[in-house]
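The structure appears right after this line, and notes come after that.
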Amino acid sequence: NEKIQAVIEANVCPRLIELLKHISPTVQTPALRTVGNIVSGDDMHTQAIIDSDGLPCLLELLSSPKKNIRKNACFAISNIAA
């Protein structure tokens, strides 16, 4: 997908991972959805998130008290594993 590739080429992935670590769910949620969209691309797109240390952050979000955060983290992790 060209749009995903444009995001990766803009070097946004490391910043998205930083935002996943933010304490506020209102910051985490859009970052998490964006990461989920990136990892739904091809293997190279998924690798960009992995290379930005995204997987440990996603695993940590599985313990979030917010159901929607946990759901989106599961979605992203399942796309990485696929």
Side-chain angles (χ1 to χ4, degrees):
N1 185 319
E2 293 176 17
K3 293 178 182 179
I4 294 173
Q5 187 60 37
V7 169
I8 291 170
E9 289 175 4
N11 200 31
V12 174
C13 293
R15 180 64 179 143
L16 287 170
I17 302 310
E18 288 177 18
L19 294 173
L20 291 179
K21 298 175 186 176
H22 197 279
I23 193 165
S24 172
T26 59
V27 174
Q28 291 174 330
T29 299
L32 186 51
R33 287 184 181 155
T34 304
V35 167
N37 287 335
I38 292 170
V39 299
S40 69
D42 63 25
D43 289 346
M44 188 178 85
H45 299 150
T46 300
Q47 192 62 47
I49 294 298
I50 293 170
D51 291 346
S52 297
D53 293 326
L55 192 53
C57 291
L58 292 169
L59 292 172
E60 188 172 326
L61 290 174
L62 292 177
S63 299
S64 172
K66 299 289 186 179
K67 181 180 178 180
N68 195 43
I69 298 281
R70 294 191 309 269
K71 181 185 84 166
N72 284 307
C74 283
F75 169 74
I77 292 167
S78 70
N79 279 334
I80 290 171

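As a basis for the values below, the full set of heavy atoms in this structure was taken, side chains included, without hydrogen atoms, waters or symmetry mates.
By the 4.5 Å heavy-atom criterion applied to side chains, Cys13 and Ile38 are counted as neighbours. At least one side-chain heavy atom of Leu20 sits under 4.5 Å from a side-chain heavy atom of Leu58. Side-chain contact between Gln28 and Leu61: present, with at least one pair of heavy atoms (C-beta onward) separated by less than 4.5 Å. Side-chain atoms of Thr29 and Arg33, non-hydrogen and from C-beta on, do get closer than 4.5 Å to each other. Within the 4.5 Å cutoff, no side-chain heavy atoms of Val7 are placed close to those of Glu2. Within the 4.5 Å cutoff, the side chain of Leu19 has no heavy atoms near those of the Thr34 side chain.
In this structure, NZ in Lys71 is found 10.0 Å from CG in Leu32, a value given to the nearest 0.5 Å. For the atom pair CD of Gln47 and OG of Ser52, the computed distance is 9.5 Å after rounding to the nearest 0.5 Å. Between the CG atom of Asn72 and the NZ atom of Lys66 there is a distance of 13.5 Å, given to the nearest 0.5 Å. Residue Thr46 holds its OG1 atom at 8.0 Å from CD1 of Ile8, rounded to the nearest 0.5 Å.
Within 6.0 Å of CD in Glu60 there are 12 or fewer heavy atoms belonging to other residues, nucleotides or ligands.
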Q: Let me see the working for Leu55 and Ile80 under side chain to side chain contact (heavy atoms under 4.5 Å, CB included), right down to the final yes or no.
A: CA-CA 8 Å; Leu55 192 53; Ile80 290 171; 4.0 Å; yes

Q | Derivation of the side chain to side chain contact (heavy atoms under 4.5 Å, CB included) call for Asn1 and Asn37 | A | CA-CA 10 Å; Asn1 185 319; Asn37 287 335; over 6 Å; no

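Under the 4.5 Å side-chain heavy-atom criterion for ILVMFWY residues, a single connected hydrophobic cluster contains both Leu62 and Leu16. By the rule that hydrophobic residues join a cluster once side-chain heavy atoms approach within less than 4.5 Å of another member, Val27 and Ile69 end up as members of separate clusters.
At a threshold of 4.0 Å, the pair Glu18-Arg15 counts as salt-bridged, since one of the basic side-chain nitrogens sits closer than that to a carboxylate oxygen.
Distance alone, capped at 3.5 Å, places no donor-acceptor pair between the Arg70 side chain and the Ser63 backbone.
For Asn79 against Ser40, the heavy-atom pair with the smallest separation is ND2-CB, 3.8 Å.
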